[in-house]
Amino acid sequence: DTGGDAGADTGADAGADAGDDAGADAGADTGDDAGADTGDDTSGDAGAVTGDVGLLVQDQAIAEDGTVLIEQVIIPVNGWVDIHADSSGAPGEIIGFAQVVAGQAQNVVVPVDGNRVTGTLWAMLHVDAGELGVHEFPGPDAPITDANGNVVVMPFAVTAPGTEGG
């Protein structure tokens with residue numbers, strides 16, 4: 001009896017405690033810290049979010065169907081990946097966008113206006129803060145900022161469809 005009881009109690013308690021503590025602590029710490037930092041650094045910014053954000057995009061040829069590929073999107077809320085033309089080394093007009101759901105997405109295909117493509121394009125994350133599923137920028141669908149108040153944006157070089165290089 002003693003051996004059986006000790007084994008059952010130790011296994012159940014250790015497993016439950018380790019799982020519960022790790023999950024609760026990690027979630028509380030990350031959420032509290034990110035929330036405080038984002039709120040302080042971006043007060044009043046409609047695009048301020050808490051949680052991980054990120055973009056990964058490589059230089060590429062525009063696809064034959066007029067799209068570009070965003071390798072990875074990490075976004076804590078539903079939103080948009082907007083593609084901006086280059087304007088003197090900074091993001092200019094929006095020439096394409098694609099909707100993304102909260103979480104992590106791989107290989108997001110974004111159609112772009114081939115008549116307005118520049119040699120460098122800028123991928124930028126925006127929130128879907130107005131009417132859900134309707135791209136409203138300028139307007140409520142503001143650019144997302146990270147915990148330091150920086151807009152989440154990444155430049156990448158493009159070449160014409162069917163050509164390689166960059």
Side-chain angles (χ1 to χ4, degrees), residues 23 26-27 29-31 33-166:
D29 292 347
T30 302
D33 293 347
D37 292 346
T38 302
D40 292 344
D41 296 339
T42 59
S43 60
D45 186 350
V49 297
T50 57
D52 292 336
V53 293
L55 274 170
L56 179 61
V57 59
Q58 300 291 325
D59 294 349
Q60 61 192 277
I62 294 174
E64 293 291 339
D65 64 356
T67 60
V68 294
L69 184 70
I70 309 304
E71 286 187 37
Q72 184 178 56
V73 173
I74 301 169
I75 187 168
V77 296
N78 291 340
W80 305 95
V81 176
D82 284 13
I83 305 298
H84 294 254
D86 185 74
S87 177
S88 302
E93 68 176 333
I94 295 172
I95 64 168
F97 55 86
Q99 192 170 17
V100 289
V101 296
Q104 183 171 318
Q106 307 291 331
N107 300 321
V108 177
V109 176
V110 185
V112 294
D113 180 345
N115 295 322
R116 298 188 296 165
V117 167
T118 54
T120 297
L121 296 178
W122 298 78
M124 184 183 296
L125 295 180
H126 288 249
V127 296
D128 189 358
E131 185 178 339
L132 294 182
V134 177
H135 187 265
E136 301 166 287
F137 183 81
D141 295 347
I144 288 180
T145 53
D146 64 17
N148 296 320
N150 300 310
V151 170
V152 180
V153 62
M154 185 174 199
F156 61 104
V158 294
T159 54
T163 60
E164 295 300 323

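Excluded from the calculations below are hydrogen atoms, water molecules and symmetry mates; all remaining heavy atoms, backbone and side chain alike, are included.
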Where the side chain of [X] meets the backbone of [Y], is there a donor-acceptor pair that is under 3.5 Å apart?
X    : Y    : answer
D82  : M124 : no
Q60  : V68  : no
N78  : A102 : yes
D141 : A129 : yes
N107 : L69  : no
N148 : N150 : no

Which atom pair, heavy atoms only, marks the closest approach of [X] to [Y]?
X    : Y    : result
S87  : G92  : CB-CA, 3.8 Å
V53  : P76  : CG1-CD, 3.3 Å
A123 : V81  : CB-CG1, 4.5 Å
T67  : D65  : OG1-OD1, 2.6 Å
W122 : A85  : CD1-O, 3.8 Å
T120 : P155 : CG2-CB, 4.0 Å

[atom1]-[atom2] distance between [X] and [Y], expressed to the nearest 0.5 angstrom:
X    : Y    : atom1 : atom2 : value
I83  : F97  : CD1   : CZ    : 11.5 Å
L55  : I74  : CG    : CD1   : 9.0 Å
Q72  : Q58  : CD    : CD    : 11.0 Å
H84  : F137 : NE2   : CZ    : 6.0 Å
Q99  : L132 : CD    : CG    : 8.0 Å
D113 : I94  : CG    : CD1   : 12.5 Å

Partner set under salt bridge (charged side-chain N to carboxylate O under 4.0 Å, His left out) for E93, not counting sequence neighbours |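 R116.
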Taking the inter-plane angle between the rings of H135 and W80 on a 0 to 90° scale, is it parallel (under 30°), tilted (30 to 60°) or perpendicular (over 60°)?
->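 Plane angle over 60°, so perpendicular.
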Any side-chain heavy atom of V153 sitting closer than 4.5 Å to one from P143?
->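 Counting from C-beta outward, V153 and P143 never come under 4.5 Å.
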Below 4.5 Å, heavy atoms only, C-beta onward: do D128 and V77 meet side chain to side chain?
->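 No; the side chains remain at least 4.5 Å from each other.
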